[in-house]
*Asks:* 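First the structure, then my questions, so here it is.
For clarity, every value in this text was computed on a predicted model and none was experimentally measured. All values below were derived from every heavy atom in this structure, side-chain atoms included, with hydrogens, water molecules and symmetry-related copies excluded.
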Amino acid sequence: LPICSQGSLMVRFTEISATVHYLEHHEKDVPWHKVFELISQTKNPRKKGDVFEIEQDGYYVLFKLEGTIIYVINAKRNI
């Protein structure tokens with residue numbers, strides 16, 4: 001199972017799921033396969049409050065971790 005760093009704690013997640021907001025507003029700009037790739041390749045996403053951010057390869061992904069499930073909220077291309 002993949003691992004996501006949460007501060008000094010490493011958390012295993014079992015699922016990555018899209019929120020309705022991502023599906024309605026961001027899926028056109030950043031397809032699901034790219035979001036999945038960015039999350040699975042990033043070892044230390046930046047924690048911002050109760051959410052996490054990834055900025056990599058010209059992309060931005062915002063997600064939250066609830067239990068062992070990652071919920072993708074937002075994904076954009078950085079220009």
*Asks:* For Lys76, is the NZ atom crowded, meaning more than 12 foreign heavy atoms sit under 6.0 Å from it?
*Replies:*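 Open.
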*Asks:* Can you tell me how far OG1 of Thr19 sits from NE2 of His26, rounded to the nearest 0.5 angstrom?
*Replies:*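 So the NE2 of His26 and the OG1 of Thr19 are separated by 7.5 Å.
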*Asks:* I'd like to know whether Glu27 forms a side chain to side chain contact (heavy atoms under 4.5 Å, CB included) with Tyr22, so could you lay out the CA-CA distance, the side-chain angles of the two residues, the decisive distance to 0.1 Å, and finally the verdict.
*Replies:* CA-CA 6 Å; Glu27 187 176 31; Tyr22 164 80; 3.8 Å; yes
*Asks:* Using the rule that Ile, Leu, Val, Met, Phe, Trp and Tyr join whenever any side-chain heavy atoms are under 4.5 Å apart, tell me whether Tyr59 and Tyr71 fall into a single cluster.
*Replies:*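 Per the 4.5 Å side-chain linkage, Tyr59 and Tyr71 are not co-clustered.
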*Asks:* Restricting to side-chain hydrogen bond (donor to acceptor under 3.5 Å, both in side chains), what partner residues turn up for Arg46, sequence neighbours left out?
*Replies:*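 Arg46: side-chain hydrogen bond (donor to acceptor under 3.5 Å, both in side chains) contacts with Glu53, Glu55.
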*Asks:* According to a 4.5 Å side-chain heavy-atom criterion applied to Ile, Leu, Val, Met, Phe, Trp and Tyr, with indirect links allowed, do Val30 and Val51 form part of one hydrophobic cluster?
*Replies:*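 Not linked; separate clusters.
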*Asks:* Heavy atoms, side chains only, cut-off 4.5 Å: are Leu62 and Phe52 in contact?
*Replies:*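 A side-chain contact is absent here, since even the closest heavy-atom pair is not under 4.5 Å.
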*Asks:* Would Ile73 and Leu38 show up in the same hydrophobic cluster when neighbours are defined by side-chain heavy atoms closer than 4.5 Å?
*Replies:*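 Cluster IDs for Ile73 and Leu38 differ.
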*Asks:* Run Phe13 and Ile69 through side chain to side chain contact (heavy atoms under 4.5 Å, CB included) and show every step you take.
*Replies:* CA-CA 6 Å; Phe13 60 91; Ile69 302 174; over 6 Å; no
*Asks:* Please give me the minimum heavy-atom distance between Gly49 and Lys47, naming the atom from each residue.
*Replies:*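 Closest approach of Gly49 to Lys47: O-NZ, 2.9 Å.
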*Asks:* Looking at Thr42 and Ile39, would you say the former's side chain and the latter's main chain have a donor-acceptor pair under 3.5 Å?
*Replies:*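 Looks like no, no N/O pair under 3.5 Å.
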*Asks:* Answer yes or no: does atom CZ of Phe36 have more than 12 heavy-atom neighbours from other residues, nucleotides or ligands under 6.0 Å?
*Replies:*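 No.
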*Asks:* Are Ile16 and Ile54 connected in a single hydrophobic cluster, I mean Ile/Leu/Val/Met/Phe/Trp/Tyr linked by side-chain heavy atoms less than 4.5 Å apart?
*Replies:*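 Ile54 clusters together with Ile16.
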*Asks:* Would you say Tyr60 and Phe63 are hydrophobically clustered, going by side-chain heavy atoms of ILVMFWY under 4.5 Å?
*Replies:*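 In one cluster with Tyr60: Phe63, no.
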